[in-house]
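Data block below; observations after.
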Amino acid sequence: MHRDAYDEITDHAAAGPIPATRSSKYLPQINILPRRAGILHFYVAGMALRPELQPVCHELPIADVQHDAAGDDSMNATISMDAGAARPDLDKGLGVLGQMGFVAAIVAALFYVAYSIYVDASAAGVAPTAYLPFVLLFIALLIALGFEFVNGFHDTANAVATVIYTNAMPAHVAVVWSGFFNFLGVLLSTGAVAFGIVSLLPVELILQVGSEAGFAMVFALLIAAILWNLATWWLGIPSSSSHTLIGSIIGVGVANALIHGKSGTAGVDWSKATEIGQALLFSPLIGFGLAAALFIAMKLLVRNRALYEEPKNGAPPPVWIRALLIFTCTGVSFAHGSNDGQKGMGLIMLILIGTVPTAYALNRAVPVQYTQEFHVNSAAAAGALNVPVPAGASTAAARAEVTRYIADRNYSPATKTALAVLVQDVDRQVSEYGSLAKVPAAAVENVRNDMYLASEGIKRLNKEDKAGLSDEGREALAAYKGSLDAGTRFIPTWVKIAVAFALGLGTMVGWKRIVVTVGEKIGKSHLTYAQGAAAELVAMGTIFGADHLGLPVSTTHVLSSGVAGTMAANRAGLQMATIRNMLMAWVLTLPVSILLAGGLYMLFSQML
């Protein structure tokens with residue numbers, strides 16, 4: 001029976017001309033798509049397939065079908081089963097009450113953001129003197145939260161695909177579950193990734209983030225990232241939001257340098273970009289290799305046939321397998337929130353620092369002993385630099401020299417002296433005011449910029465062989481940098497909650513396109529329990545590790561490549577059309593986002 005069905009399908013493929021639709025006694029309908037570039041695609045509507053033929057639809061190796069017409073090339077034909085018995089129900093939504101709760105959560109989150117800013121600004125004694133900055137603030141925050149919302153349904157769909165396609169959880173339950181643990185991941189994140197992303201931005205724009213150029217920067221990079229994410233989501237291609245955002249940041253940096261008559265390479269911290277780029281480049285390779293190795297190890301060590309069989313007609317897996325799959329989905333969702341959620345946090349903090357510096361430029365909640373510790377670390381840093389500070393040295397000239405050093409990374413003997421001047425001046429200001437909370441509004445932005453410059457300059461100087469620093473000196477400078485960062489690199493709780501809401505709610509909508517790609521279009525066979533668990537375990541471990549190191553990685557790359565790795569290890573075969581599309585999207589993401597963000601930055605710089 002199976003061979004008869006196979007012969008009939010291949011006869012259809014080899015016969016010509018082929019009608020648009022042809023019925024058969026085995027297959028009720030075969031929809032033939034038009035030939036393109038010598039490739040024939042046809043699609044089996046499997047709704048009425050007789051049960052004994054269902055295995056054929058998963059296993060038919062219809063490839064390189066020879067057309068009998070003279071001169072025709074070989075053709076690859078792919079048969080996919082639509083709405084077959086093994087496919088999960090992806091169409092059940094949140095329901096009326098769920099939709100009402102979804103809208104209510106969005107409204108509540110927006111009111112909470114506005115109220116939190118009002119409370120913080122009032123506590124810092126900020127009185128609005130003009131409405132334009134607050135209008136720009138509101139628009140920028142909406143765009144930043146919009147990026148996280150899109151990130152939710154664009155990236156987190158990867159986390160739920162395995163539990164949905166192994167029937168471990170119904171689709172509508174899985175996305176809510178994943179959204180909740182994304183929410184928790186954001187709330188409990190460290191913030192290290194957030195400021196790693198921010199350090200890629202041009203230093204002059206960070207120092208003047210409240211200017212028109214600063215807003216142009218934020219608008220350009222976020223809108224570019226959102227546009228590319230939406231484009232790949234619409235095509236159902238899993239691509240990396242991390243790649244997109246970093247490409248956008250590089251594009252803004254290059255455009256900013258060109259606008260100011262500099263070389264395009266001068267606008268980006270390429271050492272940090274390389275470090276992050278390597279993490280993003282190797283993450284899919286790690287996902288593919290480790291998932292394949294883990295799957296092979298499971299087959300050798302866990303001799304349970306149920307793990308390696310396709311789900312049966314919508315029936316859930318055995319309890320222990322189901323618990324493992326739900327655990328891995330939960331871990332990936334939490335890890336995604338803790339890593340990807342931080343990218344929006346760093347940008348939101350830049351927006352807040354630029355518009356309401358009195359409230360957000362300095363951490364007013366540092367411990368009481370902070371001032372004394374800061375003074376001790378400042379003295380140790382000055383000793384580590386070991387250069388005399390000339391009497392009456394210009395702080396403005398020192399700022400200019402350190403800014404130059406951070407931007408072009410060319411060390412000179414004047415660099416150490418300039419840093420020593422900044423260290424001394426920042427220590428003087430903090431000691432005079434008594435604490436960061438007592439820095440007057442007029443001086444807040446200046447103190448924060450000096451602290452930021454000193455921190456970034458010391459970070460680079462500690463890697464500089466020409467500086468001639470001892471090991472003890474490097475340790476003293478690192479401790480001083482920690483004190484500087486404690487006063488400037490902080491994330492208010494309400495920012496975490498707002499981003500958590502955006503990412504969590506985004507997870508609950510728009511997930512179907514990417515889920516179908518991961519669940520159906522990467523491998524040629526249905527995802528098994530073991531394959532889903534192996535891919536999710538590797539993704540969870542990789543993302544947690546990157547979060548600990550403060551590096552952004554792509555959940556999409558790690559998990560989708562992990563699924564591909566398990567398919568290759570199981571010798572099930574890969575759908576090369578999908579793999580080609582994914583690789584093409586991954587290759588194009590950086591250049592497209594660089595060009596898009598750079599162009600938007602130049603446009604907005606003229607408009608604002």
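For the single chain, residues carry numbers from 1 onward in sequence order.
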Pairing of Arg399 and Glu456 as salt bridge, 4.0 angstrom limit: no
Report yes or no: does Thr488 contribute a side-chain atom to a donor-acceptor pair with the main-chain N or O of Leu362 at less than 3.5 Å? no
Within the side chain of Ser338, is there an N or O that forms a donor-acceptor pair under 3.5 Å with the backbone of Gly185? no
Distance only, no hydrogens: is a donor on one side chain within 3.5 Å (strictly under) of an acceptor on the other, for Ser483 and Glu373? no
Rounded distance [0.5 Å steps], CG in Leu600 versus OG in Ser593: 11.5 Å
Side-chain H-bond candidate by donor/acceptor type, Asp425 with Gln429, under 3.5 Å: yes
Output yes when a side-chain donor or acceptor of Arg489 lies under 3.5 Å from a complementary backbone atom of Gly487, and no otherwise. no
Distance (rounded to the nearest 0.5 Å) between Leu385 CG and Leu419 CG: 6.0 Å
Which of Ile348, Leu352, Val444, Leu350 passes side-chain contact (heavy atoms from CB on, under 4.5 Å) with Tyr360? Answer is Leu352
Whether Ser455 side chain and Met451 backbone form a donor-acceptor pair below 3.5 Å: no
Quick check: does any side chain N or O of Asn182 sit under 3.5 Å from a backbone N or O of Ser178, one acting as donor and the other as acceptor? yes
Closer than 3.5 angstrom, by distance alone: can the side chain of Asn363 be matched with the main-chain N or O of Ala486 as a donor-acceptor pair? yes
If the condition is side-chain hydrogen bond (donor to acceptor under 3.5 Å, both in side chains), which residues does Gln424 pass it with, not counting sequence neighbours? none
Can you check whether Arg428's main-chain N or O pairs, donor with acceptor, with Ser431's side chain at less than 3.5 Å? no
Indicate the atoms forming the closest heavy-atom contact of Ala220 with Val252, along with that distance. CB-CG2, 4.2 Å
Please list, one pair per line, the donor and acceptor atoms closer than 3.5 Å that link side chains of residues 134-153 to other protein atoms, with sequence neighbours excluded.
| residue | atom | partner | partner atom | Å |
| --- | --- | --- | --- | --- |
| Glu148 | OE2 | Gly344 | N | 2.8 |
| Asn151 | OD1 | Ser241 | OG | 3.4 |

Donor-acceptor under 3.5 Å (Lys481 side chain, Lys459 main chain): no
A cation-pi test, strictly: NZ or CZ of Arg448 under 6.0 Å from the centre of the six-membered ring of Tyr452 and no more than 45 degrees from its axis. Yes or no? yes
Nearest 0.5 Å, please: how far is OG1 in Thr507 from CH2 in Trp511? 12.0 Å
Distance (rounded to the nearest 0.5 Å) between Leu347 CG and Leu221 CG: 5.5 Å
Assess, by modelled atom type and distance only, whether the side chains of Tyr480 and Glu475 contain a donor and an acceptor separated by less than 3.5 Å. no
Can Asn256 and Tyr601 be counted as having a side-chain donor-acceptor contact under 3.5 angstrom? yes
Say you draw a straight line from CD1 of Ile106 to CZ of Phe102; how long is it, rounded to the nearest 0.5 Å? 4.0 Å
What distance do Leu595 atom CG and Ile250 atom CD1 have between them, rounded to the nearest 0.5 Å? 11.5 Å
